[in-house]
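Below: one structure, written as structure tokens.
Numbers restart at 1 for each chain; the letters A, B, ... are given by sequence-line order, proteins then strands.
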Amino acid sequence: MPPRFTPKVVTANALLDGDAVWLTEDDHWSPLMSRAELITDEAHADLRLLQAKARASEIAGAYLADARLGADGPEPVHFREAFRTRGPSNYPHGKQVETPPQT
Amino acid sequence: MYVYNDFDETFVRTRVAQFRGQVERRIDGSLTEDEFKPLRLMNGLYLQLHAYMLRVAVPYGTLNPAQMRQLAMIADRWDKGYGHFTTRQNIQYNWPKLGDVPDMLEALADVGMHAIQTSGNTIRNVTADHFAGAAADEIEDPRAIAELLRQWSTDHPEFQFLPRKFKIAVTGAAADRAVTRAHDIGLVVVRNDAGEVGYQVIVGGGLGRTPMVGKVLRDFVSKADLLPYVEAIVSVYNLLGRRDNKYKARIKITLHENGIETIRDLVEDRFNAIRAGFGGYDQTLLAEIEKSFAPPAFVTKATDGYEAARLANPAFRSWTDTNLSAHKAAGYAIVSISIKKHGATPGDATSDQMRVMAELADRYGHGELRISHEQNVILPHVHQSDLPAVYAALRKADLATANIGLASDIIACPGMDYCALATARSIPIAQQIATRFDELKIEHDVGPLKIKISGCINACGHHHVGHIGILGLDRAGVENYQITLGGDGSEMTTIGERAGPGFSADDIVPAIERLVTGYLDLRRDPSETFLQTYRRLGLAPFKTLLYPSEDKADAA
Ligand code: HEM
Ligand code: SF4
């Protein structure tokens, strides 16, 4: 049996300000990971990543990150991805203070 | 200080204009990220975890007050009001917006600065002893040669696509404050038996995943031969260096795989082939450059006010004990301004602090500032009689921490708070260690101690050459910190030894505390430093301090 596929989200940095963003089911880039499309099928994940990469004028550096379903939507599995949902720990900068617009 | 001539000015402005066009084409979608990435990296622009990062070169660590003020202006206008000084004598801005970067570069060009070759497989910013031109123990100011190397290496057509990045460091004194032995090429100013000034040339040092101490390629290269000799080294490396595996691409590996004899012979052959082609032009240029590094007009003044202030004010005395170094001119001192306030982010200065430092350099420092690889700022030429005033101004700006060279003067790379390559955070660990030593009030008793922290194996935080090195790793999805001991970045460069299994983020600070308080019991007397004690006793007693319970288990 092939190993179970760990659910994924497509994530990237917004082209203009570099802020971490996640691909939603309706093809928006959201600054909130909880709005991301949680992908549970490997082939679909690959397809979504290709589609994301094609959107060169919106984002840079798209990749698939492990995620799991939480109370509000997808949540990070790894601490690196958790930092990306907040910002640095040495200053109140980034997402943790710049309340992202509702998308 | 060197001032851009028309050629430099035109070159830098042209690059900004080109980059402006590239950014526009990236934003309108006509360039993909794959196409744009090498272009932005050539101009020092990275993409990190939360934002872009612009890395600006401070060539050989030297700044004038106008440049420092401009760095402050850039921080206020296009970033979040601060900048991060790095181990490679750069300043990094952590929050620029892509569309603003061309304007930032334009503002840098206004004061003769740029971000060119702060990234990519090119010859990077040439770093130097931060006490250059001021140190009492210096043979000659190494910055003139550093500037010559900067001009030669900038946009050098042969060296824009080297197998890997290439870092050069220079020092004018035997005491190595520029970690020359951990660079691709290290140049140390020396005198030969005839008393002539030349360079010892060290190659193949480097940190990263395969740390190596550089080896002497030639004991003496005359000033006239230096540029062709360095070009010969880079040229041999360019052909021989591996391009199949980026982990084996640095010159340290080329040297290791081919042997120093082979490299030396190839370099000599190449040197003999190209030497005549230089035709003395480089020497004419060097003579011009040397003029711009003429020492300032030192003055003679009474110093009794300084002595009286030392007696009267214990806090000032403590600061003078740690933050001053011997100057070559009588009555002068080198001031190291600590950018390591306990609990703050190592190397971060606010725009207000930058302006204060610029002002002090103007009023009391002959208009010179330096950035050190230890992430501090230096006022290289301050008369002792002005020290009380300098200290008072630094205190007001929260810049008077008396900890240079002590446990809390920690080098830390940005780690996972910013860096996309990181495997763990380093800044919070540095903050916690410094805060803890401040609570314990023992760092002055502990004496010289270099703690250096990297957030991944790339070793940007120099952990391999820390007396105590800390490497942040990802162990099964949890931050884990590995300790190395006995490293040294001085003229006796040594790579630290791994002490044993790593520690969790919660356990690393107590582990460091055990090491340091334990050392106080191990040292022969207060004059024996941590590093000397380690060299005398070896790893074993320090291991016992780090892993006390294991020791008991063994005994049981
Ligand atoms: C975007 C952030 C950064 C990236 C992507 C980055 C990348 C790297 C990489 C890949 C290496 C390993 C090179 C090799 O082994 O061949 C390295 C080494 C190094 N970097 Fe960084 N770095 C970053 C930030 C910094 C900072 C902030 C500093 C200064 C504080 C720095 C200074 C160094 C130094 C001193 C080394 C080790 C010396 C050597 O090249 O062997 N880097 N860096
Ligand atoms: S050592 Fe690693 S984590 Fe630290 S700045 Fe370098 S690449 Fe980033």
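Rounding to the nearest 0.5 angstrom, the gap separating the NE2 atom in B/His50 from the CD atom in A/Glu98 is 11.0 Å. In this structure, the separation between CG on A/Leu15 and CD on B/Glu33 is 7.0 Å, given to the nearest 0.5 Å. Interatomic distance, A/Phe83 CZ to B/Leu49 CG, rounded to the nearest 0.5 Å: 9.0 Å. With values rounded to the nearest 0.5 angstrom, A/Asp19 atom CG is found 11.0 Å from B/Tyr52 atom OH.
Contacts between B/Ile427 and chain A at a heavy-atom distance below 4.5 Å involve the side chain alone, from C-beta outward. Contacts between B/Thr423 and chain A at a heavy-atom distance below 4.5 Å involve the backbone alone (N, CA, C, O). For B/Phe36, no part sits under 4.5 Å from any heavy atom of chain A, backbone or side chain. Heavy atoms closer than 4.5 Å to chain A are found nowhere in B/Val23, neither backbone nor side chain.
Taking all atoms of both residues into account, the shortest heavy-atom contact from A/Tyr91 to B/Asp348 is OH-OD2, 2.6 Å. The shortest heavy-atom contact between A/Ser89 and B/Arg425 is OG-NH1, 3.4 Å.
No other option in B/Ala424, B/Pro96, B/Ala51, B/Pro428 has as many heavy-atom pairs under 4.5 Å with chain A as B/Ala51. No other option in B/Asn94, B/Asp417, B/Asp474 has as many heavy-atom pairs under 4.5 Å with chain A as B/Asp417.
Interface residues of residues 71-80 of chain A toward chain B, defined by a heavy-atom distance below 4.5 Å and sorted by number: A/His78, A/Phe79, A/Arg80. Residues of residues 52-68 of chain A lying within less than 4.5 angstrom of chain B, judged on heavy atoms, are A/Ala56, A/Ser57, A/Ile59, A/Ala60, A/Gly61 in numerical order.
Side chains of B/Gln431 and A/Asn90 form a contact here, defined as non-hydrogen atoms less than 4.5 Å apart. Between A/Asp17 and B/Leu98 the shortest side-chain heavy-atom distance does not fall below 4.5 Å.
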